[in-house]
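We name chains A, B, ... by the order of the sequence lines, and we start the count at 1 in each one.
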Amino acid sequence: MKYWLMKSEPDVFSIDQLKSKKKSGWDGVRNYQARNFMRDEMKLGDIVLFYHSSCEIPGVAGLAKVSRESHPDPSQFDPKSEYYDPKSTLDNPRWFMVEVEFVEKFEDVITLKMLKEKKELENMPVVQKGSRLSINPVSEKEYKTILQMRLG
DNA sequence: GCCAACGTTGGC
DNA sequence: GCCAACGTTGGC
């Protein structure tokens, strides 16, 4: 069992939307490193910290879990989608995604500011300047630290 | 809206 | 294969 942090802009897809849909394919990722995590490493039952980025209060908004492992992201085949990739074919898809299932919405967002104040979390890419990768592995220790912050 | 960081593209 | 130009991310 592994832990992950996945960024999403709440204007595009928020924890509330996941809560009402219950499950959702994590589509639209067009970065090879992030794709490789989804394609190769994210397994059924892995826990996801759902992070809201590019918004008023960036931070961890809740929890999800992997409910289906790697499969091709359908948006790459859809010419009407903003994620359409003309170089992708059904026989040779370029982009893969996992499906995630809602677990919990935190009562209050654990803000980036709070994450930055924790010495234990200083190695997380999300607290570091210029880190843009939208999917990152999280250590068990980091995960537990963040979970404890949710209640206080 | 600004801008630093960084990934991708494409000419050579 | 190099690297400048360009585009995107994301905090502020």
Under a 4.5 Å cut-off applied to non-hydrogen side-chain atoms, are A:Tyr3 and A:Leu49 in contact?
-> no
CD of A:Glu107: more than 12 outside heavy atoms within 6.0 angstrom?
->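 At most 12 heavy atoms, drawn from other residues, nucleotides or ligands, come within 6.0 Å of this atom.
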Of all the heavy-atom pairs spanning [X] and [Y], show the shortest one and how long it is.
X	Y	answer
A:Ser70	A:Met38	CB-O, 3.6 Å
A:Tyr51	A:Pro58	OH-CB, 3.7 Å
A:Ser67	A:Val100	OG-C, 3.5 Å

Report, one pair per line, the protein and nucleotides 9-12 of chain C atoms (nitrogen or oxygen only) whose separation is under 3.5 Å.
unit_1 : atom_1 : unit_2   : atom_2 : d
C:dT9  : O3'    : A:Arg132 : O      : 3.4
C:dG10 : OP1    : A:Lys7   : NZ     : 2.9
C:dG10 : OP1    : A:Arg132 : O      : 2.8
C:dG11 : OP1    : A:Tyr51  : OH     : 2.8
C:dG11 : OP2    : A:Ser54  : N      : 2.9
C:dC12 : OP1    : A:Lys116 : NZ     : 2.7

Once you round it to whole Å, what is the distance between [atom2] of [N] and [atom1] of [X]?
X	N	atom1	atom2	value
A:Asn31	B:dC6	CG	P	13 Å
A:Glu82	C:dG7	CD	P	17 Å
A:Lys129	B:dC3	NZ	P	13 Å
A:Asn136	B:dC6	CG	C1'	14 Å

Keeping to residues at least two apart or across chains, list the salt bridge (Lys or Arg N to Asp or Glu O under 4.0 Å) pairs with something in residues 31-55 of chain A.
->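 Sorted pair list: A:Lys2-A:Glu41.
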